[in-house]
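Chain A is the first sequence line, chain B the second, and so forth, proteins listed ahead of strands; every chain is numbered from 1.
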Number of protein chains: 2
Amino acid sequence: MTDTPGPGRKRPTIYDLAELAGTSPSAVSAVLNGSWKKRRISEKLAGRITALAGELGYAVNYQASLLRRERSNIVGMIVPKYDNRYFGAMAERFEAVARAHGMFPVMTCTQRDPELEFEAARALLSYQVDCLVANGATDPDRIADLCAAAGVRVVNLDLPGSKAASVTSDNFAGAKTLTHLILDRCRDDLGHAGPLLFIGGRAGDHNTAERIGGFRAAHAERGIALPEEAILACGYSPDKAERALDARAGALPPGLFVNSTITLEGVVRWLNRAVPDHAGRMRYGCFDYDAFAAQLPDNVGMIEQDVDGMIAKVFALIEGGPASPAHFRIPCILRTPPLPRG
Amino acid sequence: MTDTPGPGRKRPTIYDLAELAGTSPSAVSAVLNGSWKKRRISEKLAGRITALAGELGYAVNYQASLLRRERSNIVGMIVPKYDNRYFGAMAERFEAVARAHGMFPVMTCTQRDPELEFEAARALLSYQVDCLVANGATDPDRIADLCAAAGVRVVNLDLPGSKAASVTSDNFAGAKTLTHLILDRCRDDLGHAGPLLFIGGRAGDHNTAERIGGFRAAHAERGIALPEEAILACGYSPDKAERALDARAGALPPGLFVNSTITLEGVVRWLNRAVPDHAGRMRYGCFDYDAFAAQLPDNVGMIEQDVDGMIAKVFALIEGGPASPAHFRIPCILRTPPLPRG
DNA sequence: CAAGCTTGCTCAATCGATGAAGCAGAATTG
DNA sequence: CAATTCTGCTTCATCGATTGAGCAAGCTTG
């Protein structure tokens with residue numbers, strides 16, 4: 001295909017192609033961007049140019065192309081992390097759906113750093129995104145202000161903001177459902193009436209707060225009093241969970257609501273270490289999904305966030321008319337083990 | 001900060017700022033891109049322009065800026081998938097290191113589709129990447145040709161190619177080490193001399209082939225004969241593993257080499273279903289890492305690929321001089337359970 | 001066969017940022 | 001005080017693709 005490939009070569013431009021084909025740059029441009037029929041370029045010339053472009057490995061310069069167009073068709077998303085199932089799936093789904101809508105997705109990972117978050121948003125604006133998805137942004141309203149000044153639409157994802165439309169999981173409802181399930185199983189399998197222990201996350205965290213709300217609501221609906229010590233918002237990491245459990249006074253209730261698989265990792269480690277005979281004598285559920293964690297014998301259910309549903313809603317908002325700062329809560333999916341255990 | 005934010009606004013340009021500040025566009029440009037000292041713009045004017053830019057939420061138009069510069073400082077990477085730990089970690093690490101090197105990372109996910117792979121590479125070229133990382137590309141040489149024509153450097157990652165430098169895990173050595181470990185534990189804990197069963201992956205797959213090579217080599221080093229049926233390259237998915245195990249004739253050897261955590265999921269499911277009393281009577285290892293899988297009682301070790309090391313090598317190649325199509329194999333990390341089991 | 005339409009192109013302005021070259025006016029020097 | 005240097009700007013061409021306007025040749029039509 002390529003003549004004599006080698007580094008240090010200049011990328012061919014429409015001017016190069018025009019000279020080689022003995023025609024004008026605008027004819028080349030029209031042929032290569034598909035507007036040639038409209039611009040009455042003959043099939044013959046079009047064929048010649050296309051073939052030449054193929055030979056030279058021509059690729060448009062978007063920098064030049066987009067400078068001239070008024071819409072870029074680029075959708076940007078900032079993401080806190082990739083290396084966990086939830087945000088990884090978000091990133092992947094976002095890409096696929098953007099492409100299906102004829103847009104070009106650009107993502108950037110902010111490492112949960114609020115300053116980087118803002119800089120990343122500005123960088124994406126500089127790439128002339130038509131639209132920005134602020135995924136898990138700690139200060140979405142600051143980003144919304146920036147985008148408003150640039151006339152760029154924003155949608156918040158995973159964490160809500162007040163200045164743009166927001167799509168999140170229905171953390172409250174999901175947590176309430178899961179809490180009821182764990183309470184049911186504690187009662188049926190172990191004869192334990194509650195309350196459960198909530199572990200993991202940060203109380204200041206919006207989603208954790210909503211989940212704690214659901215956790216409390218489920219207890220309230222059953223008339224179970226919930227002492228303050230029943231909420232251990234000790235952070236997410238396995239180590240923090242282990243240390244929090246070590247530091248806890250009093251007997252461990254046999255029912256646990258674990259706020260993420262990361263935390264569950266610490267919980268399992270702690271159980272294996274500190275409660276040698278725990279097998280079969282605990283019931284827990286986790287707000288997050290992991291295939292191996294789902295197979296742990298005393299795990300009675302996991303909440304999986306509906307990533308596809310959330311991304312679909314995001315694109316509906318992007319395509320839809322002028323966005324009001326509404327908050328859409330997407331129901332979560334409860335995953336229970338295939339067979340009942342005893 | 002912003003006056004009256006609202007959609008449909010035009011992004012401010014240096015021309016807008018120049019008019020508002022009563023100065024020329026090039027002064028504004030110089031101030032905003034930091035070259036103002038060199039261009040002898042007064043501190044006073046610089047301050048005025050900077051303040052104005054802040055007020056209006058100005059962000060450079062990279063399309064225009066990059067069109068004028070000769071290097072873009074954009075590094076592109078194509079990735080097969082995000083939603084697994086390995087490629088998720090790759091993506092995240094790639095971003096972080098690119099930023100640390102003062103480059104802007106752009107990634108695009110190819111869904112393991114060879115055609116999309118090529119199109120994605122072309123799209124990244126259109127974004128004027130200075131350098132492209134072809135991660136897990138099924139046809140890296142085709143991409144290398146395309147890039148050579150554009151004078152863009154390529155580095156292959158995870159899967160090697162012949163026309164550009166390649167960085168992969170040392171799959172052979174990793175698999176050999178893991179095989180020896182499993183054989184040791186089979187002998188010591190269960191009195192089983194081998195051979196093991198290899199399960200998962202596709203034999204045509206470069207990395208699987210290398211791992212099978214390591215698996216064979218370990219057996220050969222111990223003088224253990226390895227029948228053909230000991231290699232079950234049945235694909236990666238849990239279902240395929242389950243079905244392959246169902247279809248297998250003869251007794252299951254007590255030692256397994258599992259080629260990925262995805263496959264392990266199926267293996268564990270099958271064991272739970274088809275071998276009720278398997279606990280404590282099996283030893284297996286997995287070429288891949290997952291925190292929960294690591295806690296499975298009969299799992300004697302997992303191979304974690306050294307993502308940080310691989311990405312570091314990739315950037316060393318990017319920064320380094322003219323790249324020869326050498327193949328660098330990065331050693332894997334063996335992760336064994338913290339406490340010996342019996 | 002002149003007037004008008006169609007076909008198949010080319011011309012030239014434009015998008016926003018950049019930076020070499022240039023140009024007043026002030027400051028310094030001999 | 002003329003010559004030179006320095007300061008602090010401005011002017012303008014440029015990057016590559018796009019697109020409205022224009023133009024020459026060929027074809028219709030009355």
For this session: Specify the angle, to 10°, made by the local axes at the two ends of the helix from C/dC1-D/dG30 to C/dG30-D/dC1 when five pairs are taken at each end.
Result: 50°
Problem set entry | Minimum side-chain heavy-atom gap A/Pro114-A/Thr138 below 4.5 Å | yes
Problem set entry | Contact pattern, 5' to 3', of nucleotides 14-22 of chain D - B, S or - by protein heavy atom under 4.0 Å | BBBBBBBB-
Exercise. Are B/Thr108 and A/Arg99 close enough that a side-chain donor and a side-chain acceptor fall under 3.5 Å?
Worked result: yes
Exercise. Is the distance between the ring centroids of B/Tyr82 and A/Tyr82 less than 6.0 Å?
Worked result: yes
Problem set entry | Protein-nucleotide distance (A/Trp36, atom CH2; C/dT10, atom P), rounded to Å | 15 Å
Problem set entry | Pair A/Tyr86, A/Gln305: side-chain N/O donor-acceptor within cut-off below 3.5 Å | yes
Problem set entry | A/Asp158 versus A/Thr168, side-chain donor and acceptor atoms under 3.5 Å | no
Exercise. Are the aromatic rings of A/Phe315 and A/Phe94 close, with centres under 6.0 Å apart?
Worked result: yes
Problem set entry | Between C/dC9 (P) and A/Lys37 (NZ): distance, integer Å | 14 Å
Problem set entry | Rounded distance in Å - CD1 (B/Ile49) to P (C/dA17) | 13 Å
Problem set entry | A/Asp113 (side chain) donor-acceptor with A/Thr110 (main chain) under 3.5 angstrom | no
Exercise. Does B/Glu115 pair with B/Arg142 as a salt bridge, N-O distance under 4.0 Å?
Worked result: yes
Below 3.5 Å is the cut-off: list the nitrogen or oxygen pairs between protein and nucleotides 26-29 of chain C, distance only.
none

Exercise. Is it true that B/Asp130 and B/Arg71 have a side-chain N and a carboxylate O under 4.0 angstrom from each other?
Worked result: yes
Exercise. Heavy-atom count around B/Glu19 CD within 6.0 Å, excluding the residue itself: above 12?
Worked result: no
